[in-house]
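Below: one structure, written as structure tokens.
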Amino acid sequence: MATPRTVPSADLPEGIEPAEAYSKEGVDVSLILWMLELSPLERLEAAQDMIDTVWLLREAADVS
């Protein structure tokens with residue numbers, strides 16, 4: 001299991017303390033809470049942005 005990183009308080013959703021940012025299994029709870037704050041459309045847009053980034057990185061790695 002990876003060592004949990006320290007999360008600055010400014011990066012956490014309101015009401016979440018840095019000690020609560022990770023579950024005992026090491027899951028970054030702040031990311032889950034952030035996604036739940038988004039509307040369904042905003043979640044899809046965030047997912048599409050991530051996919052677009054992966055494709056750009058894959059294309060850049062294929063340059064010979």
Side-chain angles (χ1 to χ4, degrees):
M1 172 175 31
T3 303
R5 63 184 170 86
T6 302
V7 180
S9 297
D11 293 343
L12 295 174
E14 187 176 325
I16 300 296
E17 297 298 321
E20 301 169 332
Y22 288 89
S23 70
K24 64 181 178 180
E25 292 84 16
V27 175
D28 188 342
V29 178
S30 66
L31 293 176
I32 295 169
L33 295 173
W34 165 71
M35 190 62 75
L36 291 174
E37 290 177 354
L38 301 177
S39 70
L41 179 58
E42 290 170 326
R43 292 178 198 171
L44 288 172
E45 290 171 342
Q48 187 63 56
D49 288 345
M50 291 177 218
I51 291 167
D52 293 344
T53 300
V54 169
W55 279 110
L56 288 172
L57 292 170
R58 289 182 69 169
E59 289 172 3
D62 287 341
V63 176
S64 299

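By convention here, the first residue in the shown sequence is residue 1.
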Are Leu36 and Val27 co-members of a hydrophobic cluster defined by side-chain heavy atoms under 4.5 Å apart?
->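 Yes, it is one cluster - the side chains of Val27 and Leu36 are joined through contacts under 4.5 Å.
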Does Met50 belong to the same Ile/Leu/Val/Met/Phe/Trp/Tyr cluster as Leu38, with side-chain heavy atoms less than 4.5 Å apart forming each link?
->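 In one cluster with Met50: Leu38, yes.
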Tell me, do Glu59 and Asp62 make a side-chain contact under 4.5 Å, heavy atoms counted?
->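 The answer is no; the side chains never approach within 4.5 Å.
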Hey, could you give me the CD/OG1 distance between Gln48 and Thr53, rounded to the nearest 0.5 Å?
->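 Gln48 atom CD to Thr53 atom OG1 measures 10.0 Å (nearest 0.5 Å).
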Glu45 side, atom CD; Ser39 side, atom OG - distance, nearest 0.5 Å |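 Glu45 CD to Ser39 OG: 7.0 Å, rounded to 0.5 Å.
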